[in-house]
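Report on the structure given below.
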Amino acid sequence: MSISLRPFLKMGRKIGQTLLAQDCLLCQAASGEQLLCEACARELPFTASACPRCAAPGAGMTECGACIADPPHYDASRAAFIYAYPVDALIQSLKYGGQLALAGLFAHELYRRIGDSGSLDLIVPLPLHPTRLAERGFNQAAEIAKILSRLSGIAMDTRLARRVRNTAAQTALPWRERATNMRRAFACDGDVSGLNIAVVDDVMTTGATLDEFARTLKKSGAARVENWVVARTARDV
Ligand SMILES: [Zn+2]
Ligand SMILES: [Zn+2]
């Protein structure tokens with residue numbers, strides 16, 4: 001990550017001090033009660049067209065070649081943004097800078113794009129391994145999911161599934177090793193027979209983690225698994 005997070009961390013402290021009137025996280029212009037000013041919010045890298053199955057940007061409205069050749073276990077994916085500046089820096093700021101207010105911004109943007117999803121029964125945040133959770137103090141996916149659950153009125157379950165293997169960070173591995181790294185990383189303790197589940201996560205890269213999680217949920221009976229992610233990387237990143 002080449003972007004310096006220092007300005008974001010500094011701004012994080014500032015947010016704690018001023019709850020109502022505040023400055024835009026990105027350009028420091030007055031932004032009222034919002035984290036970003038209107039101009040910056042408008043310029044965030046939204047996804048125009050994407051594969052409905054894996055949310056890879058630029059694939060048009062039909063399933064991309066990769067999904068047709070090797071169908072993932074999940075049925076659909078929705079992303080609010082393309083993983084590019086400044087969304088990448090904002091996500092890093094949420095995860096490693098503890099800027100939890102960003103979970104609200106991401107949830108609202110995601111919900112605005114998902115709209116009324118109709119037939120979903122349950123929202124499940126991608127579980128973090130207990131060791132990782134203890135280090136970070138929170139699961140960013142759960143923070144976003146909590147607000148999505150409130151906005152959509154769909155119940156959330158954070159205890160349904162667990163991460164049982166503290167896998168190597170996916171980003172440290174070549175793409176072809178990511179699926180192997182994730183194998184049997186999750187366990188689902190509940191019966192989700194016939195349920196339509198939305199899985200919430202911050203970033204979707206190869207989709208290997210979400211694929212393995214969807215496989216776990218389907219093994220426990222889930223009828224349909226859909227991913228709701230804040231940002232999706234372009235395929236060649
Ligand atoms: Zn701004
Ligand atoms: Zn696809």
Side-chain angles (χ1 to χ4, degrees), residues 3-15 17-94 97 99 101-102 104-106 108-109 112-114 170 175-176 178-179 182 198-199 201 203-215 218 224-237:
I3 297 152
S4 166
L5 289 175
R6 204 162 301 142
F8 291 104
L9 301 182
K10 229 186 282 167
M11 282 170 226
R13 282 197 289 275
K14 206 162 151 192
I15 279 180
Q17 292 156 9
T18 54
L19 272 177
L20 290 174
Q22 58 191 26
D23 296 341
C24 170
L25 274 179
L26 295 168
C27 75
Q28 284 98 64
S31 58
E33 293 176 22
Q34 307 301 317
L35 290 177
L36 302 182
C37 72
E38 264 179 51
C40 285
R42 245 195 330 266
E43 281 172 26
L44 292 174
F46 297 113
T47 43
S49 73
C51 167
R53 188 88 177 248
C54 73
M61 300 314 276
T62 52
E63 277 193 22
C64 71
C67 284
I68 292 167
D70 187 13
H73 292 91
Y74 48 78
D75 302 278
S77 302
R78 313 285 290 272
F81 303 109
I82 295 168
Y83 191 68
Y85 185 82
V87 169
D88 50 2
L90 292 172
I91 289 176
Q92 299 290 315
S93 178
L94 165 65
Q99 183 57 267
L102 282 166
L105 173 92
F106 293 149
H108 278 88
E109 291 295 339
R112 216 148 55 100
R113 272 151 200 80
I114 293 162
Q170 288 288 81
W175 275 43
R176 64 181 179 284
R178 293 188 183 188
M182 286 319 298
V199 174
D201 200 13
V203 185
M204 182 172 185
T205 307
T206 62
T209 310
L210 289 164
D211 188 35
E212 177 62 18
F213 193 51
R215 194 182 70 80
K218 290 251 169 114
R224 182 182 155 85
V225 176
E226 179 169 315
N227 302 315
W228 291 356
V229 298
V230 174
R232 175 66 158 98
T233 60
R235 208 177 278 292
D236 55 355
V237 169

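Worth knowing before you read on, the calculation uses all heavy atoms, side chains too, and leaves out hydrogens, waters and symmetry mates. Start at 1 and go down the list; that is how both ligands and their atoms are numbered. Predicted model, so just to flag it, every value in this text is computed and none were measured. Residue numbers run from 1 in the order of the sequence given.
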Item to check | Listed protein N/O/S atoms, distance to the Zn ion (ligand 1) under 2.8 Å | outcome: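 Per the 2.8 Å query on the Zn ion (ligand 1), atoms found are C24 SG, C27 SG, C37 SG, C40 SG.
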Hey, does [Y] have a side-chain heavy atom less than 4.5 Å from the side chain of [X]?
X: S31; Y: L36; value: no
X: F106; Y: L90; value: yes
X: S77; Y: L210; value: no
X: L94; Y: V230; value: no
X: P71; Y: R53; value: yes

Item to check | Three-point angle C54:SG, the Zn ion (ligand 2), C67:SG, rounded to the nearest 10° | outcome: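 Seen from the Zn ion (ligand 2), SG and SG are separated by roughly 100°.
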Checklist entry - Do you know which two heavy atoms are closest between R232 and T205, and how far apart they sit? => result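 It is NH1-O, 2.7 Å.
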